[in-house]
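Here the structure is a predicted model, which is why all the values come from computation and not from measurement.
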Amino acid sequence: MHYADTLITAGYIIPVVPDGAILRNHTLVIQQGRIAAVLPSERALHQYHSNHCLDLQHHALIPGLINAHTHAAMNLLRGMGSDLSLMDWLQNHIWPAEQRWVNEAFVTDGTRHAIAEMLRGGVTCFNDMYYFPDAVARVSAEIGMRACVGLIVLDFPTVYAQTANDYISKGLALHDKYRDDSLIRTVFAPHAPYTVSDGPLKRIHIYSNELDLGVHTHLHETAAEIEHSLLTYGVRPIQRLADLGLLNPALQATHMTQLEPKEFDLLAEAGVNVLHCPESNLKLASGFCPVNKLMKHGVNVALGTDGAASNDDLDMFSEMRTAALLAKAVAQDATALPAKDALRMATLNGAIALGLSEETGSLEVGKSADITAIDLSSIESVPHYDPISQIVYATGRDKVTDVWVAGRHLLKQRQLTTIDEVNLLNTITAWNAKIGQSDRLHLETS
């Protein structure tokens, strides 16, 4: 008999690979932070013993969810400037608030808040884009969260950096610092084609190739973005990125609500990854990402929440449900995005997009033990003839009881183990009072 660090027995294990598989009454074996075996429970308990055995007969185990697009620190701006168009929201509310408030302390506290929310919602990895990425990386590492930290790049000065070259230099230094970290990855994050000019994008393309780093950007988010590009550059943003060499498998293109027929083949041939944020797009009325058409063309589509300032939450369960329902409505086809594909978008497709598919995204032997346990025994969760459908269409993040990242138990029976929840709530309350009072004064004097 072999010793294991942890044995988790569950009513259902949904590994995502093979596609649509549901393993009933199986046990997942964790050894040194990785999945050592997934076996029928009777067999597993004959082959392995452990001092840490969990019996979750009323639960489903799924791969930890991957939030493929976030601005984590914007949790501190949740609900600000609601019910506005994207550019009105950005230019007249978010950007002025960021100018007044964003600093390293803001990003540190906002990121910790976001990670706490995500862990309680079954997320084990997030792909971030924001200022002070060094603070994002530090907080994530302290908590034990898996993160792809965006090396933000803009043309204009902010409290974080003054020029595009300054952003890139700081980003490269951060990449060097975490290049060997098992949980923290880095990715270039030019904000958008309308905020980053050709010169910096060319440099990013060169460094992306040299360092094998992804490029995470907002792309084709609104009709106004397309019009701006045509007026300024004479081509649509996708073509501009193609001309700069950036349309390739390293590209993580967020939103993609404005696509022409010829662009589907262009994206597929280039191997571009699309990061779909349905609820943010709906709230900002940005448009509809044609998920069904993209997937039919072979484009990898992952799922993200966007930041809590525009969503207004980091709830990947809600995002899965919205993505599935919206895809059906847009395609006018009830089969357009089945539940199993929505779950895959929130797990393995996210891992593929972030270059992490060898490490996470599915419950396979050898992969990191990034696991989410969902209680399916409540009034709201029974009966469950198809547990995958149940999880996507009828389960909320409040049913998440336990979460592991690399085998470390970060959420245990709904309690965070590496974050002081009382202290966190006090910190966020203090920010709320400070920002709220300042904004009231700002509105009264403007």
Under a 4.5 Å cut-off applied to non-hydrogen side-chain atoms, are Phe106 and Ile435 in contact?
yes
Any side-chain heavy atom of Ile391 sitting closer than 4.5 Å to one from Ile14?
yes
Scan residues 168-193 for pairs that pass side chain to side chain donor-acceptor pair (under 3.5 Å), counting only residues two or more places apart or in two chains.
His175-Thr186, Asp176-Arg179, His191-Thr195
For [Y], does its backbone N or O pair with a side-chain atom of [X] as donor and acceptor, under 3.5 Å?
{"X": "Tyr167", "Y": "Phe156", "value": "yes"}
{"X": "His26", "Y": "Arg24", "value": "yes"}
{"X": "Gln390", "Y": "Thr395", "value": "no"}
{"X": "Thr217", "Y": "Leu219", "value": "no"}
{"X": "Arg414", "Y": "Val400", "value": "yes"}
{"X": "Glu225", "Y": "His220", "value": "yes"}
{"X": "Asp88", "Y": "Leu84", "value": "no"}
{"X": "Gln162", "Y": "Thr158", "value": "yes"}
{"X": "Asp306", "Y": "Cys277", "value": "no"}
{"X": "Ser50", "Y": "Asp5", "value": "yes"}

Stepwise side chain to side chain contact (heavy atoms under 4.5 Å, CB included) check, His255 with Cys289:
CA-CA 7 Å; His255 298 305; Cys289 177; over 6 Å; no
How far does [atom1] of [X] sit from [atom2] of [Y], to the nearest 0.5 angstrom?
{"X": "Gln252", "Y": "Ile352", "atom1": "CD", "atom2": "CD1", "value": "12.5 Å"}
{"X": "Leu348", "Y": "Leu363", "atom1": "CG", "atom2": "CG", "value": "10.5 Å"}
{"X": "Thr124", "Y": "Trp404", "atom1": "OG1", "atom2": "CH2", "value": "12.0 Å"}
{"X": "Leu56", "Y": "Ser377", "atom1": "CG", "atom2": "OG", "value": "10.5 Å"}
{"X": "Leu76", "Y": "His113", "atom1": "CG", "atom2": "NE2", "value": "7.5 Å"}
{"X": "Leu65", "Y": "Thr347", "atom1": "CG", "atom2": "OG1", "value": "7.0 Å"}

Tell me every residue that passes salt bridge (Lys or Arg N to Asp or Glu O under 4.0 Å) with Lys367, counting only those two or more places apart in sequence or in another chain.
Glu364
Salt bridge (Lys or Arg N to Asp or Glu O under 4.0 Å) partners for Glu117, two or more places apart
Arg78, Arg397
Above 12 or not: heavy atoms from other molecules or residues under 6.0 Å from [atom1] of [X]?
{"X": "His52", "atom1": "NE2", "answer": "no"}
{"X": "Gln57", "atom1": "CD", "answer": "yes"}
{"X": "Asp212", "atom1": "CG", "answer": "no"}
{"X": "Tyr393", "atom1": "OH", "answer": "yes"}

No-hydrogen, no-angle side-chain donor-acceptor test under 3.5 Å, [X] and [Y]:
{"X": "His59", "Y": "Thr401", "result": "yes"}
{"X": "Ser41", "Y": "Thr27", "result": "yes"}
{"X": "His71", "Y": "His69", "result": "yes"}
{"X": "Thr111", "Y": "Arg138", "result": "no"}
{"X": "Tyr194", "Y": "Glu221", "result": "no"}
{"X": "His409", "Y": "Asp402", "result": "yes"}
{"X": "Asn300", "Y": "Asn273", "result": "yes"}
{"X": "Asp128", "Y": "Thr70", "result": "yes"}
{"X": "Arg408", "Y": "Thr418", "result": "no"}

Do Ile94 and Met74 pass the side chain to side chain contact (heavy atoms under 4.5 Å, CB included) test, and can you show the C-alpha distance, the side-chain angles, and the key distance before you say yes or no?
CA-CA 9 Å; Ile94 295 303; Met74 293 183 81; 3.5 Å; yes
Which of these, Arg146, Arg34, Glu358, sits in a side-chain hydrogen bond (donor to acceptor under 3.5 Å, both in side chains) with Ser368?
Arg146
Option from [options] for which side-chain contact (heavy atoms from CB on, under 4.5 Å) with [X] holds:
{"X": "Ile8", "options": "Ile13, Val29, Ile30", "result": "Ile30"}
{"X": "Pro15", "options": "Ile62, Leu23, Leu61", "result": "Leu23"}
{"X": "Tyr160", "options": "Leu154, Asp134, Val107, Val102", "result": "Asp134"}

Check against side chain to side chain contact (heavy atoms under 4.5 Å, CB included), Val187 and Leu213
CA-CA 5 Å; Val187 56; Leu213 291 186; 5.7 Å; no
Classify the ring geometry of Tyr12 against His384: parallel below 30°, tilted from 30° to 60°, perpendicular beyond 60°.
perpendicular
Side chain to side chain contact (heavy atoms under 4.5 Å, CB included) between Ile238 and Leu247: does it pass, once the steps are laid out?
CA-CA 8 Å; Ile238 284 178; Leu247 217 64; 3.9 Å; yes
If the condition is side-chain hydrogen bond (donor to acceptor under 3.5 Å, both in side chains), which residues does [X] pass it with, not counting sequence neighbours?
{"X": "Asn67", "value": "Thr305"}
{"X": "Glu421", "value": "none"}
{"X": "Asn432", "value": "none"}

How far apart are the closest heavy atoms of Leu77 and Glu98, and which atoms are they?
CD1-CG, 4.1 Å
Starting from the C-alpha separation in whole Å, work towards a yes-or-no answer on side chain to side chain donor-acceptor pair (under 3.5 Å) for Asn165 and Thr163.
CA-CA 5 Å; Asn165 287 339; Thr163 66; 5.3 Å; no
